[in-house]
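Beneath this line is the structure, given in structure tokens, with notes to follow.
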Amino acid sequence: MRLFIAIALPADLAARAAALLPDALPGLRRVKPENLHVTLAFLGWTPDEKLGDVVAAANEAARGQAPFTLVFDRAGRFPERGRPRVVWLGIGEGLAGVAGAGARVASALRLRSLRFDDKPLSPHLTLARVREDASLAEARTVAAAVEALSVAPLSTDVNEIRVMESVLSPKGPRYTPRAASPLRSA
Ligand code: ATP
Ligand code: MG
């Protein structure tokens, strides 16, 4: 199964985040509001029988992390220059909480010899990807729109992290929560 560990967002915040990008922007594959999340670790293909270990790692990580407030307060893109590939919302308040949760997840996965993409975490909320077949003009339009976007802060309380299964299809990915791990109670 294809797995990742993430912070899920409440529907109202997700709807507001998705609505920030102008409807008219060309050349984008938008993330459906119900799919919006902040990735903490991407495991990718994982043998089914390891799911229990992955959930144990998420539980252990969550027990070490206090709940926190997460605020999205700006738009940005990857890469920073040249043709954009990913459009995201950046995190103001709560960045330390996300980084802390991500670091705890990474060490709990390592402790169990579970494989994941272990590059440094760059916490963000992906809103859209620029289509591979988008024209240069479309990509430039997206880049300019991101630059111009002003984001009224969107805030939510984070009380749990989730182990998610991702099933890819031509219609887009379908994510299913496999477990929810409550953050340490205060
Ligand atoms: P699609 O691949 O069809 O565009 P997706 O990227 O949303 O859909 P997945 O590829 O299953 O679906 O990824 C699930 C989550 O993990 C997404 O947030 C994605 O950005 C992130 N992710 C995917 N691959 C990696 C990777 N190699 N390293 C870090 N994060 C990743
Ligand atoms: Mg992907």
Side-chain angles (χ1 to χ4, degrees), residues 1-11 13-21 25-48 50-51 53-55 57-58 61-62 65 70 72 74-80 83-91 94-95 97-110 112-134 138-139 142 146 154 156 158 160-181:
M1 50 179 36
R2 187 180 175 90
L3 293 179
F4 63 103
I5 298 176
I7 296 169
L9 301 176
L13 180 124
R16 280 186 285 150
L20 283 171
L21 276 184
L25 275 183
L28 289 181
R29 266 193 304 127
R30 291 157 190 270
V31 179
K32 291 185 190 142
E34 65 268 26
N35 277 354
L36 288 170
H37 63 274
V38 177
T39 302
L40 295 176
F42 179 76
L43 290 89
W45 190 84
T46 307
D48 289 1
K50 302 240 177 192
L51 177 61
D53 282 355
V54 175
V55 173
Q65 174 68 50
L70 180 53
F72 301 99
R74 72 210 143 86
R77 41 95 145 209
F78 295 139
E80 253 175 78
R83 183 186 171 98
R85 278 198 315 274
V86 174
V87 176
W88 43 257
L89 292 184
I91 297 168
L95 190 56
V98 177
R104 287 182 172 91
V105 165
S107 52
L109 291 171
R110 273 187 225 112
R112 291 166 177 79
S113 303
L114 291 162
R115 302 190 59 174
F116 66 105
D117 187 335
D118 198 359
K119 62 179 179 308
L121 193 64
S122 163
H124 63 276
L125 173 61
T126 297
L127 291 180
R129 296 183 176 83
V130 178
R131 304 172 63 97
E132 303 263 322
D133 62 1
E138 287 172 334
V142 170
V146 171
L154 295 171
T156 186
V158 179
E160 64 175 33
I161 61 177
R162 291 186 184 173
V163 176
M164 304 293 295
E165 180 176 2
S166 168
V167 176
L168 300 181
S169 88
K171 287 192 295 184
R174 190 162 44 79
Y175 302 148
T176 308
R178 288 294 168 201
S181 307

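Indexing begins at 1, ligand by ligand and atom by atom, following the structure's order. Positions are given from 1 along the sequence.
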Residue shell around ligand 1, heavy atom under 4.0 angstrom: Arg2, Phe4, Arg29, His37, Thr39, Phe42, Asp117, Lys119, Arg129, Ser166, Leu168, Pro173, Tyr175

Lys171: salt bridge (charged side-chain N to carboxylate O under 4.0 Å, His left out) partners, not counting sequence neighbours: none

Side chain to side chain contact (heavy atoms under 4.5 Å, CB included) partners of Pro177, counting only residues at least two apart: Arg162, Met164

Qualifying residues under side chain to side chain contact (heavy atoms under 4.5 Å, CB included), relative to Thr176, sequence neighbours excluded: Arg174, Arg178

Okay, side chain of [X], backbone of [Y]: is any donor-acceptor separation there less than 3.5 Å?
{"X": "Gln65", "Y": "Ala101", "value": "yes"}
{"X": "Asp118", "Y": "Ala106", "value": "no"}
{"X": "Thr46", "Y": "Gly44", "value": "yes"}

